[in-house]
Amino acid sequence: MTTKQTPSFEPVFDLSQYDCTPQLSQSERIALSQLVETFNAKRFHWPEGTERVMERLLRPLSDVLAKTDMRHKSCVSIMRLMIRWMNDTQQTYWTWSPEVWYRYMTDDLPSESVRTDFARPAVLTFAYCLGGLRQIPPHYRINRYHFASLIFGHEPVREAVALVVNTLVNWGYGGQHTREYIRRILSVIFLQNGSASLASIPENILDHIDPHGQPIHLYKTAHNISRVLVSLGILTQPIRIPPVETRVTVQTVASRDISDTWLAWCQRWKQTSTLAPRTVQGSYYNLLKVGRWLQACHPTIASPEQWDRDLAIGFVAAIHNMKVGECVSQACFHREIGKPLASRTQMRILWTMVRFIRDLQEWGWIPRRFNPERCFRAPRSVIADLVPRPRILDEALWAKLIWAGLNLQPEDLQSRAISMYPFDMVRAIAVVWLFSGLRNDEICRLRVGCIRLHPVLDADHQEGELATCLLDVPAHKTGGPFTKPVARLLGNAVRTWETKRPQQPSMIDRRTREKVDFLFLYRGKPLGDDYINHALIPILCEKAGIPEEDNLGRITSHRARATIATQLGNAREPMSLLELQEWLGHRTPLSTQHYVKVLPQRLTRAYSDAGYLDRNIRAIQVLVDQEAIRNGAASSGEPWKYYDLGHGHCTYDFFDQCPHRMACARCDFYIPKDSAKAQLLQAKSNLLRMKQEIPLLDDELAALEEDVAAIERLCDKLADVATPSGPTPRQISTTGLIQISDIT
């Protein structure tokens, strides 16, 4: 842990040339007494010899007045005040404490003194230059900017303030109040540091400024000043705004009802873990939830060293049966209160314990007593429930959001009092969110120049909004940087913002640790992580006239990623799974499956195109002899139904059950088309033509698709199967009625 270092202030006044002996000599005491008597008697001439005796005390005062250009007809009266106060305290001003100086600066001055508006600044100047006073009380009424200019010179103070103000104005700040706040805070810093040079400001200068009585906006201004100093290379990191003392922080509330020992272990792991900051923060609060469960159910267990296999198994069962709102730090009013924990929530808590115990074991902080991967394994029902469920938006809602983003107007930003960002920046963010399919973190970390024109693919897309361009995506949580094609209108919106983007300082990418120029950077601050979810999406929903929630929950930035991926995967000419994996920047196709959902419309179209029904059920033409039915010949056994086989007709009534239907053996029920009977049948006028659907087996399907080899295999398979008339095809062949080769 680093310790704070007290800044070493350079003296404003060179005191080495003076006799700074703190004690008064006997002759000085006598001279002070004589001078006070002279002042009380209102005599104008000092006693003889007193000016020579007081020379070591009066010369520094005179030099300060001369250096700070405070020569005035009342300077003699100021000297009289200092002499009176030294006589009262019987001490030199070298030994006066800050409290003594404060009293002389704020108490009523003697009646014979000069004007207060001159005396008080003069006394403050003496205190600052000779008494080592650095902190001016906040309630002390004085223009600190003018006082700093008086001490250090008007030109150095003006140049330093102008440099900071101009930098912040170029970043996007403005307004008279902002300039006044900067002048005030910089003056306080200069006076505290003892120099008007920005380069001499130490890292912890604000640690020595009195925080009491200062409004919060001044701390915010100091934070902005520190960011300017960071951009100039003077400071290494900006200062933090001190928290409000009366506010109860989230960490304080979250640590209630938890053993101090368990809390200490959790904080130690949090400070040591090398996971992503947001992952560490989420895991930390899950560990606090575990600590509240231990305090309620196992109060004797306070350290990870005490965990064993039995406790781990009981913890898994407790999490599986836990309800929403249990083991929380404060009252919960969530709409799901009282319902069982979701499977994903259970998995997050269990994996947090796996990671926590495993890290402590591998780091050698606790002994290995059990295997956390096996003992904290989630129940099978929980694992089975973790199937991909892309939270896509309805196509109608998504179309309205796209319309709202493309038709965004400056007045739309005023509806929610969000006007800090320029309109072109907000519109570029909206278009990137609607068309890029990027994660929220990737949008916030896009760099200047991320758009590159794509070579013309065809003559139809040379110009216009339908053309494509390339978007360079920075390194993300699952891989390195990559490039993806996006719509040209996205590139146009980004290019428009780049042309109007104010000059901003380069900043460190929190993931790659390199200094880059962020695209969405304004006032020296990158785009907030919550801006899209809590500002942009509500604006678009309000303009589109749609609610901010649907049946799957709130509309968030990540749901756009799933919606875009699903639409690309369900297009008329869809992208393949591997192409979507590359476009989304996933490491494996398994991750892509959590974003792509096959829509019912596409599934229906694919099912119809597959021809499953046509493949397994064939419609065969049937000829029905109505005359044979009317005259009763059908009832006496005469054929009345004829199945058209193409090369002939089959008169078997149960043709759909005949094993030789697709490889006719030409038994007694078979009538060749070139026979006289078939020709007579075709000539009948009362013949009814209809179609009958027949289910097909796999072998019959192959034969139907005119596969000669499949027909031969089917014939060989049916060679010893009896025909409806009795004999098998082999027997028919041996009797010379038909040859097997004739079947094919």
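Remember, predicted model here, so these are calculated numbers, not experimental data.
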Checklist entry - Under 3.5 Å, is there a donor-acceptor pair linking the side chains of Asp517 and Ser506? => result yes
Checklist entry - Does the side chain of Arg439 pick up a donor-acceptor pair with the side chain of His558 at under 3.5 Å? => result no
Checklist entry - Between Phe520 and Tyr421, does the ring centroid distance fall short of 6.0 Å? => result no
Checklist entry - Quick one: do Glu155 and Arg158 make a salt bridge, cutoff under 4.0 Å? => result yes
Checklist entry - Under the criterion side chain to side chain contact (heavy atoms under 4.5 Å, CB included), which of Arg391, Glu549, Glu548 is the partner of Arg554? => result Glu549
Item to check | Side-chain donor or acceptor of Lys484 paired with backbone N/O of Ser436 under 3.5 Å | outcome: yes
Item to check | Side chains of Asp424 and Thr496, donor plus acceptor under 3.5 Å | outcome: no
Checklist entry - Is there a donor-acceptor pair under 3.5 Å between the side chain of Arg447 and the backbone N or O of Arg445? => result yes
Next on the checklist: With no hydrogens and no angle check, just 3.5 Å: does a side-chain donor-acceptor pair link Arg495 and Asn492?
Outcome noted: no
Checklist entry - Does a side-chain heavy-atom distance below 4.5 Å link Trp171 with Leu521? => result no
Item to check | Expected output: side-chain Ser273 to main-chain Trp269 donor-acceptor under 3.5 Å | outcome: no
Item to check | Shortest non-hydrogen contact between Leu470 and Pro485, atoms and distance | outcome: CD2-CA, 4.0 Å
Item to check | Lys/Arg N to Asp/Glu carboxylate O, Arg559 vs Asp394, below 4.0 Å | outcome: no
Checklist entry - So, Lys543 and Gln409: side-chain donor and acceptor under 3.5 Å apart, yes or no? => result no
